[in-house]
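Note that the structure is a prediction, hence the values are computed from the model and not measured.
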Amino acid sequence: MAFESLTDRFSAIFKKIRGQSRLTEKNMDDMLKEIRVALLESDVNFKVVKAFTNEVKEKAIGQDVYAKVNPSQMIVKICHDEITELLGAENTGIEYSKTHPTTIMLVGLQGSGKTTSAGKLAYLQKNKLNKKVLLVPLDVYRPAAIDQLRTLAKSIDVDFYEVDPKENPVDIAKKAQKKAYDDHYDVVIFDTAGRLQIDEKLMDELKDIIKATHPDETLLLVDAMAGQDAVNVANAFNNDLRLSGLIMSKLDGDARGGAALSIKYLTGIPIKFAGVGEKVSDLDIFYPERMADRILGMGDIVTLVEKAKESIDEKQAEKDARKMMDGNFTLMDMLNQMKQVQKIGNLGAIARLIPGMPKLTDEQKERAEKEMKLFEAIVNSMTPWERAHPEALRFSQKNRIAKGSGKTNADINRVIKRYEQSKLMMKQMKQYQKTGKMPPGLGGGGMPF
């Protein structure tokens, strides 16, 4: 995940500050030096780093942080506010028109994943924001781009505007916009042509489309992996097209995050959407404050709750939760709970959204994934009666389940032990809810993973 290294560095820096009884000019300068190095190593532009550290120091002095007995919380707050400011301060979402379909024009270099992002944006508009969407291909120079967008539109059940590749992109855009108005679409998305590099022909075509259709939003797709080159690309497009926002892709990857922290300050263009995976559903509205929370290791509970609402069957989850709390659940109920959690995302991604949750190592994530697969294989090899009464399994039954799942009797015994520990823990939790008194030994065992 982008910013992972930076998050670790900030956590270490703040831990040092928390160990100080008071903030002095010396330990303040030492902290700012460490922050400066951490930001530069994360590929944040040096001008941005200088402005950030100057602002933190100025605000710390202005709020008389030196005089406070415990200055660490105030320093964290100041850093949080300044990172939010760098990322764009207020959330600048799409301004939807009430009188006509909102036209979103997506631009970018060829090979940056623009067509895929157009499909992701359409999915988000339809499934998360309940908009009626029309996808329009304007890259008539690459038949594969039209086919790709058509396939994406079909896979997400979004309407696709069929085009003649011989027709001029400006004429296509005008006709598509009229259809969107006549058929009462909420959003029309233009997937425009790109080039391997910015040239006059590309810009002239994009400017002609803008003059003919007056899009409400002109969004540039930039790659978080491109580092400071993303800033140069944004400036070049903005000089000619006056961009309204950015979609930053691959924020889930190994990018150091410098582009995201630099681009708004250096270009004035806000990030409006963030690509966080390869699936068509992996595009999120970008919230600067939430991203600042994650960078500083504070988690992001709001996003976690939103993802849970999107992924989990609320009624089923409530029914399963009641069973769990009553201690009357079966192995199948436990498996269903695990599958509901898996819908939200992988364990590492979920852990990052929970405040105070320690970072999972690759080894821990791999072990947890293996345990989940083992659990599922064993439960799926049982009969319904066995899932409800695993404590009554005989040796011959365990042998049959082991052969069916490709596991061992020891694996089956481990699953049963975890199940029994979970039932005991849930009963103790219910007792705690009634009495307010923590039962002795609560905390041993826990959920299977």
Side-chain angles (χ1 to χ4, degrees), residues 92-115 117-119 121-122 125 131-143 145-146 149-150 153 158-222 230-247 263-264 267-273:
T92 50
I94 298 290
E95 291 288 336
Y96 295 97
S97 172
K98 294 181 180 178
T99 59
H100 60 266
T102 299
T103 302
I104 301 173
M105 179 166 147
L106 191 56
V107 301
L109 292 177
Q110 190 174 310
S112 61
K114 185 161 39 63
T115 299
S117 292
L121 185 59
Q125 297 292 326
K131 305 292 184 184
K132 184 181 178 185
V133 184
L134 180 65
L135 265 175
V136 182
L138 296 183
D139 186 357
V140 296
Y141 312 104
R142 290 191 311 120
I146 299 173
L149 196 65
R150 183 189 293 111
V158 163
D159 290 342
F160 177 80
Y161 186 78
E162 290 292 347
V163 300
D164 180 353
K166 296 176 183 177
E167 197 170 0
N168 185 288
V170 177
D171 294 333
I172 294 171
K174 285 161 67 176
K175 290 177 183 177
Q177 202 174 49
K178 184 178 185 305
K179 174 181 172 58
Y181 182 86
D182 292 342
D183 293 351
H184 307 291
Y185 283 88
D186 299 309
V187 174
V188 54
I189 298 173
F190 292 154
D191 176 31
T192 64
R195 299 284 190 280
L196 293 175
Q197 59 186 18
I198 297 164
D199 61 21
E200 191 176 342
K201 186 178 179 182
L202 167 67
M203 287 303 174
D204 285 345
E205 179 177 290
L206 295 176
K207 283 190 275 191
D208 288 342
I209 294 170
I210 289 172
K211 283 178 188 175
T213 62
H214 304 288
D216 301 275
E217 299 278 347
T218 303
L219 304 180
L220 170 69
L221 177 70
V222 290
V231 175
N232 299 329
V233 171
N235 274 324
F237 271 92
N238 194 42
N239 288 339
D240 279 326
L241 306 180
R242 305 186 84 173
L243 301 171
S244 61
L246 304 166
I247 298 177
I263 204 160
K264 171 65 168 63
T267 68
I269 310 163
I271 302 172
K272 295 202 173 187
F273 299 96

Note: Asp171-Lys175 ion pair, threshold 4.0 Å (strictly below): no

Carboxylate-amine/guanidinium proximity below 4.0 Å for Lys201 and Asp204: no

Given side chains that start at C-beta, do those of [X] and [Y] come closer than 4.5 Å, heavy atoms only?
| X | Y | answer |
| --- | --- | --- |
| Met105 | Leu206 | yes |
| Val187 | Tyr96 | yes |
| Val233 | Asn235 | no |
| Ile209 | Glu205 | yes |
| Phe273 | Ile94 | yes |
| Ile263 | Ile271 | yes |
| Asp216 | Ile104 | no |
| Pro165 | Ile146 | yes |

Where is the tightest heavy-atom contact between [X] and [Y], given as atom of each residue plus distance?
| X | Y | value |
| --- | --- | --- |
| Glu217 | Ser244 | OE1-OG, 2.6 Å |
| Val158 | Val133 | CG1-O, 3.5 Å |
| Val140 | Pro169 | CG2-CG, 3.9 Å |
| Ala234 | Ile269 | O-CD1, 4.0 Å |
| Val188 | Ala180 | CB-CB, 4.1 Å |
| Tyr181 | Thr99 | CE1-O, 3.8 Å |

Partner of Phe190 by side chain to side chain contact (heavy atoms under 4.5 Å, CB included), out of Leu134, Leu135, Leu138: Leu138

Donor on one side chain, acceptor on other, Asp159 and Tyr185, under 3.5 Å: yes

Distance-only, no hydrogens or angles: does the [X] side chain make a donor-acceptor pair with backbone N or O of [Y] under 3.5 Å?
| X | Y | answer |
| --- | --- | --- |
| Gln177 | Thr213 | yes |
| Lys132 | Asp183 | yes |
| Ser117 | Gly113 | yes |

Worked verdict on Leu246 versus Lys272 for side chain to side chain contact (heavy atoms under 4.5 Å, CB included): CA-CA 6 Å; Leu246 304 166; Lys272 295 202 173 187; over 6 Å; no

Cation over ring face, Arg150 and Tyr161, 6.0 Å, 45°: no

Among Asp139, Thr192, Asp191, the one residue meeting side-chain hydrogen bond (donor to acceptor under 3.5 Å, both in side chains) with Thr115: Asp191

